[in-house]
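Notes follow once the structure below has been shown.
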Amino acid sequence: MTTIRVNRQWLLARRPVGSVRPDDFEYHEGQIPSPGAGDVLVRSLYFGYDASQRIWLTEDGGYMPSIQIGEPMRSMGIGQVVESGNPDYAAGDLVEGFMSWQDYVIMRTDGPMPLRKLPKADYPLSWNLGVFGVGGLTAYFGVSDGLRIKPGDTVVVSAATGATGSLAGGIAKALGAGKVIGIAGGPEKCRWIKEKAGYDEAIDYLNDDLAERLRELCPDGVNAYFDNVGGDMLDTLLLHMAPRGRVLICGAMSSGYTDVKLQGPSNYMRICTHMLTVQGILLFFYRDRLEEGAAQMARWISEGKLHVEENVFEGFEKAPELLPTVFGGKNPGKLLLKVADPS
Ligand SMILES: NC(=O)c1ccc[n+]([C@@H]2O[C@H](COP(=O)([O-])OP(=O)(O)OC[C@H]3O[C@@H](n4cnc5c(N)ncnc54)[C@H](OP(=O)(O)O)[C@@H]3O)[C@@H](O)[C@H]2O)c1
């Protein structure tokens, strides 16, 4: 095994305007830092890709501090502790948390999502960023706690091929939903969500008339909507919700996240007239229940109720070019970049 002696980094070169581009980042070789008291030095193994990375690149940053020009790009990641200044973590431990696009990163162990020590497990290490990471656990708490599925419910999930959406349908089914409908872009992705991800029906948002398909598939209305897309899609769904329906706001993919200021839905009076409940979700609020969620997801996987799909690329050099694909052209499942093997 070759030992990397420099710290390869991808730094933010300029703040993106509109869609993020690979040349918004520049390659740099830096020093390998030393951890201070309480911190750990981690060698990067996997980077996860999330749409919210685009929000962190805005001037505002959204729900996290904005990434500054010259700083390494932040991502969720899996790594291995090389040196520890914290008695709770030892060299060799595998960990998951907020990392950045560099070979070696100093990680704080506290914060909104504390650095998670990974258990020895018989599933692939990368699953800790997918089904047992932000996407999977947001799907779990979003469907179980946010949408409060009742037996027989008609459930709709947008961005149904995504890391979150590819699991949300199966979770809703496992909790007793009647009909589970996924929204995806193109016939191939629509086929995939029905054949692999446990959806009963699919709506192709690129080719179908969404309102017409909702009328056909949900004659009594939608009881629960898991919204990953926002925009016009959310507006249309509001018109098709059943009385006392529940809407979970998980994301706003249609916005491209180029700005934190977005236009809200114009059909919002349906919330009033149909007594809808609209709730948000941010996984930080479930930080004390992550193990519970992962344990339930593991049970459903072993029972064959959930399908896990990963989309793994290899090579540190690919880090910037994969980010724009989150907003178009991505394959189903969790998008990951493997940069090293554990030692
Ligand atoms: N609140 C939280 O704690 C939390 C946690 C995780 C994720 N999220 C949010 O959940 C959403 C999905 O994230 P993810 O990680 O599951 O997805 P992902 O794996 O990054 O995939 C992106 C998905 O978005 C869809 N998409 C992209 N542009 C779209 C558009 N204009 N209209 C409709 N669909 C579009 C793609 O579907 P097609 O290929 O079919 O177009 C794809 O399924 C994001 O908004 C993310 O920010 C929120």
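No hydrogens, no waters, no symmetry mates; every other heavy atom, side chains included, goes into these values. We count ligands from 1, going down the list as the structure has it; atoms in each ligand are counted the same way. Nothing here was measured: the structure is a model prediction, and the numbers come from that model.
Scanning for side-chain contact (heavy atoms from CB on, under 4.5 Å) contacts around E26 gives L11, A13, with sequence neighbours left out. For D145, the side-chain contact (heavy atoms from CB on, under 4.5 Å) test picks out Y286, R289, with sequence neighbours left out.
Proximity of T138 to ligand 1, defined as any heavy-atom pair under 4.0 Å, is confined to the side chain (atoms from C-beta onward). Contacts between L282 and ligand 1, counted as non-hydrogen atom pairs separated by less than 4.0 Å, involve both the backbone and the side chain. Contacts between Y257 and ligand 1 below 4.0 angstrom, taking non-hydrogen atoms only, involve the side chain exclusively. Neither the backbone nor the side chain of A160 has a heavy atom within less than 4.0 Å of ligand 1.
Selection from G329, G136, S254 by nearest heavy atom to atom 31 (N) of ligand 1 gives S254. Looking at V326, L248, D232, I193, it is V326 that brings a heavy atom closest to atom 20 (O) of ligand 1. Distances from atom 23 (C) of ligand 1 to the heavy atoms of P332, S52, A159 show the closest one on A159.
Protein heavy atom closest to atom 37 (O) of ligand 1, with residue, atom name and distance, is T161 OG1, 3.8 Å. Ranking the protein heavy atoms by distance from atom 44 (C) of ligand 1 puts M253 SD, 3.4 Å first.
Aromatic ring centres of F25 and W101 lie closer together than 6.0 Å. Taking the six-membered ring for Trp, F141 and F285 have ring centres at least 6.0 Å apart.
By the 3.5 Å distance cut-off applied to N or O atoms, T164 is counted among the residues near ligand 1. In terms of polar-atom proximity, A184 is not counted as a contact of ligand 1, lacking any N or O under 3.5 Å from an N or O of the ligand.
Residues K334 and E310 are not paired through a salt bridge, judged by the lack of any N-O separation under 4.0 Å between the basic side chain and the carboxylate. A salt bridge is absent between K117 and D88: the closest approach of a Lys/Arg side-chain nitrogen to an acidic carboxylate oxygen does not fall below 4.0 angstrom.
Considering every non-hydrogen atom in both N223 and A242, the closest pair reads ND2-CB, 3.8 Å.
With rounding to the nearest 0.5 Å, the separation of CD in E314 from OH in Y46 is 7.5 Å.
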